[in-house]
Peer 1: 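One structure, as structure tokens, below. Some questions next.
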Protein chains: 2
Amino acid sequence: MSDITINDVAKRAGVSKATVSRVISNSSKVSKKTREIVEKVVSDLNYIPNSAAQNLSQNNSRIIGIVLNSEDLNPLLNNTFFSTAINAISEFLIENKYYTIYIHCNNSKKEKEYIDFLVKSRRVDGLIFLRNYDDESIFNYLEEISFPFSIIGKPNHAEKYLWVDNDNIKSAYDVTKKMIEQNRKNFIFIGGSMKLNVTKNRYTGFINALDEYNIKFNKEYLINAKFNEKDAYNKLLNIVKQNNIDAIFTTDDIFAIAATKAIESINRTDIKVSGYNNSFLRKYVEKDFLTVDINVEKLAIEASKLVLKKVKKEKIEINYSIVKSKLIEK
Amino acid sequence: MSDITINDVAKRAGVSKATVSRVISNSSKVSKKTREIVEKVVSDLNYIPNSAAQNLSQNNSRIIGIVLNSEDLNPLLNNTFFSTAINAISEFLIENKYYTIYIHCNNSKKEKEYIDFLVKSRRVDGLIFLRNYDDESIFNYLEEISFPFSIIGKPNHAEKYLWVDNDNIKSAYDVTKKMIEQNRKNFIFIGGSMKLNVTKNRYTGFINALDEYNIKFNKEYLINAKFNEKDAYNKLLNIVKQNNIDAIFTTDDIFAIAATKAIESINRTDIKVSGYNNSFLRKYVEKDFLTVDINVEKLAIEASKLVLKKVKKEKIEINYSIVKSKLIEK
DNA sequence: TTGAAAGCGCTAACAT
DNA sequence: ATGTTAGCGCTTTCAA
């Protein structure tokens, strides 16, 4: 490695390193002539500034951390959410001269410690949380030390933080309404833990639609399942067998697929099913179902924009961004 | 933000910052007493060293870059390879006090430029390439400037670089042999581009097994497909319909699924199918097929180990690592 | 418009 | 065993 420094450039160009710095940062008043000379040398020597030196003197890192808690990993592996989000974020940030560091907290207890280390060592300028958790203490902490971060998924204290999300109440309402209009009345609801806002909100939208049509929902048909196929499958099968079910609303295509296979296994393909995420997995079941495209790219980019604004201390008019989701029928 | 520095700690502990530095780096001889005093202050003030300053004076970054070329993105999205690899790498590296930066080259032409920037700006100490490409000029360049990197997937110039891979020739041989032993003779081979070493090697192993049993392979049954279901599906269907096929060897579960659906559609489920990657997608087809678990975690970790050794200038006995894959039958 | 010089927070060689 | 000091490579004030 040659390791050209600003001094080499300065010497060769016959100027001071301050001038080179000015040309590099593309700012301050430098005469056109000087600029051209310096630029020529920079290009000849293929000079690229040492980032550690820049970071030290500017007290930043130009790195945004993407944080994933390991509890989220399993569901995400069955999903393109993770890859899509990371790719979208990194693509967006790199256009803005920021890099993305990826932190996977494989140990929930260590999360605070990890993040504290990152923040205090100034290794990152900001953070993006891939998910909202029930426990928001880490958000609270970061807010206290006024460290920039944004969250994908509306947090409980939505007014305090920067976040992006779909309107889950509305999308669930729309999906449910669609099924009701197809003469469905006897619903099962399958979702993840009710501790997750996403489950709560979709449940709310679901109930709203039923209320509007004066359909009442039997709480015994509310299934909170683990994110693996078998769990939802088994619970569901019991209910369907013994009851007059004609529709199954689920909060994830994974559940929807489980549901589809369950009803196929007992030849009840007349039952309507809906899911979320517009997963490519839908290709792998015979019977298609309703789903919702949550637009992960957009969520990722909006979250990046928000945290970047905060980092750059730009004015933030609205502390959140609602990304439109889309009902997919075929 | 308080931004405690080494000076604050030194002052408070009544020692010089050199001593604090020694305590931090946990090295040199510091008296037990002094160490305890300093450690107390460090913990009281919750001091964490500024990474930019450390990086600048040590001329490193403690960051390893994971590079993905966008050409690879599409196939990877249908796969857990990407998420699994990134998570395994980052988990391993963080235990070794390294961070992972993720670079997605959305523009192949810019790859060299991006990487050059990362390297020259000293933003990364090493790189891990998630895939091997036919064009190895970037590897060649990095080798010339002796910048540490490793590759997941055996490169053409295997002796020159650090890499990890499975023994694809052997695994393909094993799979094929297994099918032959089940009295299969008339094979179709479906793989990606023959420019990819992985395709070439699996094809070689496939042919080796056939040769051993004196079965000859009709080259017209060699399908090089794009990584989307339809492509393989259509080509395949034509061949199967008109010929006496009894087995389909494929280099990816995605292809295997396409194949399975194709043969199901014409009621030829008597045909044996094999794939690669032990994908969770297998759950979503009726008829199961043979597959190979390539052990992505291990590949990722071995690649991390190799590049880390290079970064730390440790002696590297063998420049590659062959990770055992596993034939999965049910 | 340009340069000199201080300083960012740390490490490491040297001295004691 | 500990302190002094000179960098690391940049940015940024201040002066000219």
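The analysis underlying the following values was restricted to heavy atoms, covering all of them including side chains, and did not include hydrogens, waters or symmetry mates. Every chain is numbered from 1, with letters handed out A, B, ... down the list of sequences.
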Peer 1: Between B:Asp125 (side chain) and B:Ile64 (backbone), is there a donor-acceptor pair under 3.5 Å?
Peer 2: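 Checking the backbone N and O of B:Ile64 against the side chain of B:Asp125, no donor-acceptor pair under 3.5 Å is found.
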Peer 1: Would you call the rings of B:Trp163 and B:Tyr320 parallel, tilted or perpendicular, taking 30° and 60° as the class edges?
Peer 2: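 Parallel: the ring planes of B:Trp163 and B:Tyr320 meet at under 30°.
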Peer 1: With no hydrogens and no angle check, just 3.5 Å: does a side-chain donor-acceptor pair link A:Asn166 and A:Asn295?
Peer 2: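 Absent: no donor and acceptor within the cut-off.
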Peer 1: Over 60° means perpendicular and under 30° means parallel, so classify the ring planes of B:Tyr161 and B:Phe149, tilted if in between.
Peer 2: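 Plane angle between 30° and 60°, so tilted.
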Peer 1: Summarise protein proximity over nucleotides 8-16 of chain D in one line of letters, 5' to 3': B for base, S for sugar-phosphate only, - for none, counting protein heavy atoms closer than 4.0 Å.
Peer 2: BBBBBB---
Peer 1: Base, sugar-phosphate, or nothing for A:Ser51, non-hydrogen atoms under 4.0 angstrom?
Peer 2: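 It contacts nothing in the nucleic acid.
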Peer 1: Enumerate the residue pairs fulfilling ring-ring contact (aromatic ring centres under 6.0 Å, His included) with a member in residues 36-63 of chain A, sequence neighbours excluded, ordered by first and then second residue.
Peer 2: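 Pairs touching residues 36-63 of chain A that pass the test: none.
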